[in-house]
Amino acid sequence: MNSRAWPGRFDEVPWAEIATRFGELAAQHPELRPMADIADSVLACGGEHRLAGLTSMHDLVVTARPVPAHRPIEVVVVRSPSSGYVGPGGVFIEHRSGTGHDDRIHRPAAEAVPLFWRFMIEKFAVEPERPASSPGS
């Protein structure tokens, strides 16, 4: 088996910190806006209760909660333009499985948030929560 899953401890960072960090970076480097949009979407739909995240340089690494105690840990990695995997205007998301059956997709940056949630649904069975409807709507 050739697993590229997360080999070490998964030292998660609170999503509010991740969102703040990517928001600040995106203000200085607009090509990082998709990273901030993804982090904001996790907070907007209550995903912080079902997903754990951390950053590795400018990349976002995500796994399902509870974080597995045994390694390697299955993760989804969202690559930033500074990672060398994708340039400005694009997003590169990869699933690193414990079995070695990894998935990788490159798309335009405008598709970053829907693509992220597609991976969360397919790989971790985590769907974004919809806000409750208002009475009478």
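Keep in mind that what you see is a predicted model, and the values were worked out from it rather than measured.
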Test side-chain contact (heavy atoms from CB on, under 4.5 Å) applied to His29 - qualifying residues, sequence neighbours left out: Glu31, Leu32
Rounded distance [0.5 Å steps], NE2 in His58 versus CZ in Phe22: 7.5 Å
Spacing of CD belonging to Glu127 relative to CH2 belonging to Trp117, to within rounding of 0.5 Å: 9.5 Å
CE on Met120 to SG on Cys45, rounded to 0.5 Å: 11.0 Å
Steps toward side-chain contact (heavy atoms from CB on, under 4.5 Å) verdict (Val62, Phe119): CA-CA 10 Å; Val62 180; Phe119 270 78; over 6 Å; no
Nearest heavy atoms of Pro128 and Ile121, plus distance in Å: CD-CD1, 4.2 Å
Listed partners of Asp59 passing side-chain contact (heavy atoms from CB on, under 4.5 Å), at least two apart: Val77, Arg79, Ser80, Ser83
Closest non-hydrogen atom pair between Ala5 and Ser97, with its separation: CB-O, 3.5 Å
Pro34 versus Ala112, closest heavy-atom pair with distance: CB-CB, 3.7 Å
His95/Glu74 under side-chain hydrogen bond (donor to acceptor under 3.5 Å, both in side chains): CA gap, chis, key distance, verdict: CA-CA 8 Å; His95 171 242; Glu74 178 179 14; 2.5 Å; yes
Residues which pass ring pair (Phe, Tyr, Trp, His ring centres under 6.0 Å) with Phe92, listed by chain and number, not counting sequence neighbours: Tyr85
Residue pairs involving residues 13-23 (criterion side-chain hydrogen bond (donor to acceptor under 3.5 Å, both in side chains); sequence neighbours excluded): Arg21-Thr55
Phe116 side chain reached by Val91 side chain, heavy atoms, under 4.5 Å: no
Set of side-chain contact (heavy atoms from CB on, under 4.5 Å) partners for Ala52, sequence neighbours left out: Phe10, Glu12, Thr63, Arg65, Val67
Which atom of Leu43 lies closest to which atom of Ala19, heavy atoms considered: CD1-CB, 3.6 Å
Met35 and Leu60: CA distance, side-chain angles, deciding distance, side-chain contact (heavy atoms from CB on, under 4.5 Å) verdict: CA-CA 8 Å; Met35 307 299 288; Leu60 175 62; 3.9 Å; yes
From Ile18 atom CD1 to Leu51 atom CG, the distance as rounded to the nearest 0.5 Å: 10.0 Å
Intermediate values then yes/no, side-chain contact (heavy atoms from CB on, under 4.5 Å), Ile105 and Ile93: CA-CA 5 Å; Ile105 298 180; Ile93 300 181; 5.6 Å; no
SB check Arg4 Glu94 (cutoff 4.0 Å): yes
Non-neighbouring partners of Glu111 that pass side-chain contact (heavy atoms from CB on, under 4.5 Å), sequence neighbours left out: Arg107, Pro108
Closest heavy-atom pair and its distance - Ala110, Pro114: O-CD, 4.4 Å
